[in-house]
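Let me begin by presenting the structure, written as structure tokens, before commenting on it.
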Amino acid sequence: MQARNLSIFTLLSAISYGALATSPIPELQLTKQITLSGLSSGAYMAGQYHQAFAEQVEGVAMLAGGPVYCAQNSLGLALEHCFNKATSAPDLEAIENYLTEKRQTQKLAPLSALADDNVWIFSGTKDTTVHPKLAQALYKQYTQWVKPEHIVLINDMAFGHTFPTDRTDLGACDISEPPYLASCHYDAAGALLQHLLGTIKGKSETSTGNLLKINQFQMSEAAKSTLAETGYLYVPQTCAAGASCRLHVSFHGCKQDAASVGEAYVAGTGLNNYADTNNIVVLYPQTTASSINPFNPNACWDWWGYTGSEYTTRDGSQLQAVYQLVQALQH
């Protein structure tokens with residue numbers, strides 16, 4: 001019965017997702033520097049975007065993820081060293097050699113662009129999807145790139161593979177299941193934004209802005225080959241009225257796209273509530289399960305190479321797509 005109900009939920013989510021028309025985007029006054037966050041494959045993607053376009057990024061938060069370029073363009077290495085195995089041992093030296101080469105050819109941002117960025121890394125001790133030791137490897141990796149006072153690792157909470165919230169209407173925090181949001185008595189959205197931005201105002205009790213459906217294909221040529229047609233944009237009332245606002249990009253995880261879970265993620269993390277009180281527009285780009293590539297049935301972001309070998313560089317199709325979305329919003 002549970003499986004049948006989940007299938008019905010997934011079907012209705014997909015129907016709802018496809019049926020609603022996109023909304024016009026108001027004229028926005030966005031600052032040039034952005035912040036990023038992501039869960040699971042979204043965490044890997046946030047790290048990749050940071051490395052590729054650090055000049056425009058002032059902070060990145062990664063939940064339940066591992067080192068940048070962990071899979072080294074190999075599904076085999078991804079399965080062996082970047083998922084749930086206690087024996088996972090990403091080759092950080094080989095990875096750094098590759099990233100250095102890409103920096104030298106200007107396919108990644110220079111290290112100087114990363115040094116002052118704020119980095120927030122989170123992993124639950126009961127995560128059986130992405131082993132907690134991978135977050136430690138990610139932390140070790142980032143200590144090479146940013147000043148120590150700018151980076152924090154939180155890995156002492158008994159949480160599963162989920163985005164932890166202080167909501168009381170979600171599932172248990174040690175369970176890892178769609179929509180990968182849980183009631184944990186912990187406000188991850190507030191914690192990550194506090195670290196990325198410094199002092200922030202408390203969140204609104206209920207979100208008061210507009211969650212818009214946007215046409216990613218119209219905003220980004222690169223999106224047509226690699227993203228879903230429809231994405232989401234949360235716009236607080238103050239930003240819609242012309243106030244100067246920041247842009248935060250939030251990457252969903254696998255099986256967490258809107259076609260799979262409806263608006264659960266884009267409306268439920270708590271980010272929108274903080275956006276209301278801190279003049280932040282939140283972009284929720286949406287990837288899609290591939291009908292032609294059998295290696296991405298769960299609408300994951302590409303962190304192992306299913307879109308091509310340059311997936312982690314500025315030439316990567318998904319990175320290009322999101323970059324174009326950001327540019328479209330800022331101009």
Side-chain angles (χ1 to χ4, degrees), residues 13-14 16-18 20-26 28 30 34-46 48-50 57 59-65 162-163 165 178-181 188-189 192-193 196 203 207-220 222-223 226-236 239-240 245-276 278 280-289 298-302 318-319 321-330:
S13 296
S16 174
Y17 176 69
L20 296 177
T22 55
S23 305
I25 300 173
L28 299 172
L30 299 178
I34 69 172
T35 51
L36 311 165
S37 64
L39 172 71
S40 191
S41 75
Y44 280 110
M45 185 65 175
Q48 291 171 186
Y49 193 97
H50 187 210
V57 178
V60 56
M62 294 161 284
L63 298 85
T162 193
F163 192 109
T165 78
Y180 301 103
L181 298 170
L192 71 87
L193 288 174
L196 299 187
K203 62 183 176 181
S207 56
T208 58
N210 291 316
L211 183 63
L212 307 177
K213 298 189 76 174
I214 60 174
N215 190 312
Q216 297 184 142
F217 291 180
Q218 291 179 358
M219 297 172 65
S220 164
T226 190
L227 300 187
E229 183 172 5
T230 304
Y232 282 86
L233 187 73
Y234 184 78
V235 182
C239 301
C245 292
R246 299 174 182 268
L247 179 64
H248 181 83
V249 182
S250 177
F251 295 101
H252 63 75
C254 302
K255 300 181 183 179
Q256 207 180 31
D257 61 308
S260 299
V261 301
E263 296 181 354
Y265 180 76
V266 301
T269 63
L271 288 171
N272 298 345
N273 303 72
Y274 282 101
D276 283 337
N278 291 278
I280 301 171
V281 171
V282 187
L283 171 64
Y284 295 98
Q286 298 287 303
T287 186
T288 183
N298 297 321
C300 301
W301 291 97
D302 185 11
Q318 288 188 348
L319 288 176
V322 177
Y323 179 79
Q324 290 171 7
L325 291 175
V326 170
Q327 293 294 102
L329 291 170
Q330 290 180 330

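The backbone N or O of Asn215 sits nowhere less than 3.5 Å from a side-chain atom of Glu229 that would complete a donor-acceptor pair. A donor-acceptor contact shorter than 3.5 Å links the side chain of Gln324 to the backbone of Ala222. The closest donor-acceptor contact from the side chain of Thr269 to the backbone of Leu271 lies under 3.5 Å. Here the side chain of Gln256 pairs a donor or acceptor atom with the backbone of Pro179 at under 3.5 angstrom. Judged by distance alone, with hydrogens and angles left aside, the side-chain atoms of Thr162 form a donor-acceptor pair with the main-chain N or O of Tyr180 at under 3.5 Å.
With values rounded to the nearest 0.5 angstrom, Leu212 atom CG is found 11.0 Å from Leu283 atom CG. A distance of 13.0 Å separates OG in Ser37 from CE in Met45, rounded to the nearest 0.5 Å. In this structure, Leu196 CG and Ile34 CD1 are separated by 11.5 Å, a value rounded to the nearest 0.5 Å. From Leu325, atom CG reaches atom CG of Leu233 across 9.5 Å, with rounding to the nearest 0.5 Å. Taking CD of Gln330 as the start and CG of Leu30 as the end, the distance is 6.0 Å to the nearest 0.5 Å. Within the model, atoms CD1 of Ile280 and OG of Ser250 stand 11.5 Å from one another, a figure rounded to the nearest 0.5 Å.
Under the rule for a ring-ring contact (aromatic ring centres under 6.0 Å, His included), His248 has no partner lying at least two apart in sequence or in another chain. Residues satisfying the salt bridge (Lys or Arg N to Asp or Glu O under 4.0 Å) test with Lys203, not counting sequence neighbours, are Asp166, Asp187.
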message = Evaluate Leu63 against Leu192 for side chain to side chain contact (heavy atoms under 4.5 Å, CB included), listing each step before the verdict.
response = CA-CA 10 Å; Leu63 298 85; Leu192 71 87; 4.3 Å; yes
task = Go through Val235 and Leu28 one step at a time and tell me if the side chain to side chain contact (heavy atoms under 4.5 Å, CB included) criterion holds.
result = CA-CA 9 Å; Val235 182; Leu28 299 172; 3.9 Å; yes
query = Run the ring-ring contact (aromatic ring centres under 6.0 Å, His included) check on Tyr44 and Trp301 step by step: do they pass?
reply = CA-CA 8 Å; Tyr44 280 110; Trp301 291 97; over 10 Å; no
task = Would you please test Lys255 and Val261 for side chain to side chain contact (heavy atoms under 4.5 Å, CB included) and show each step?
result = CA-CA 7 Å; Lys255 300 181 183 179; Val261 301; 5.9 Å; no
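Here the shortest heavy-atom pairing between Gln286 and Val266 reads NE2-CG1, 3.8 Å. Across every non-hydrogen atom of Val326 and Val249, the tightest pair is CG2-CG2, 4.0 Å. Looking at every heavy atom in both residues, Ala64 comes nearest to Ala43 through C-CB, 4.4 Å. Across every non-hydrogen atom of Leu36 and Ala46, the tightest pair is CD1-O, 3.6 Å. Nearest heavy atoms, Gly253 versus Ser40: CA-CB, 4.3 Å. The two atoms that bring Val281 and Cys245 nearest to each other are CG2-CB, 4.3 Å, heavy atoms only.
The shortest distance between side-chain heavy atoms of Ile214 and Leu329 does not fall below 4.5 Å. At least one side-chain heavy atom of Thr287 sits less than 4.5 Å from a side-chain heavy atom of Gln318. Put simply, the side chain of Phe251 does not reach to within 4.5 Å of the side chain of Tyr284, judged on heavy atoms.
Each of Glu263, His252, Gln216 was evaluated against Tyr232; a single residue qualifies, Glu263, per the side chain to side chain donor-acceptor pair (under 3.5 Å) test. Tyr234 pairs in a side chain to side chain donor-acceptor pair (under 3.5 Å) with only one of the listed residues (Asp276, Asn210, Asn272), which is Asp276.
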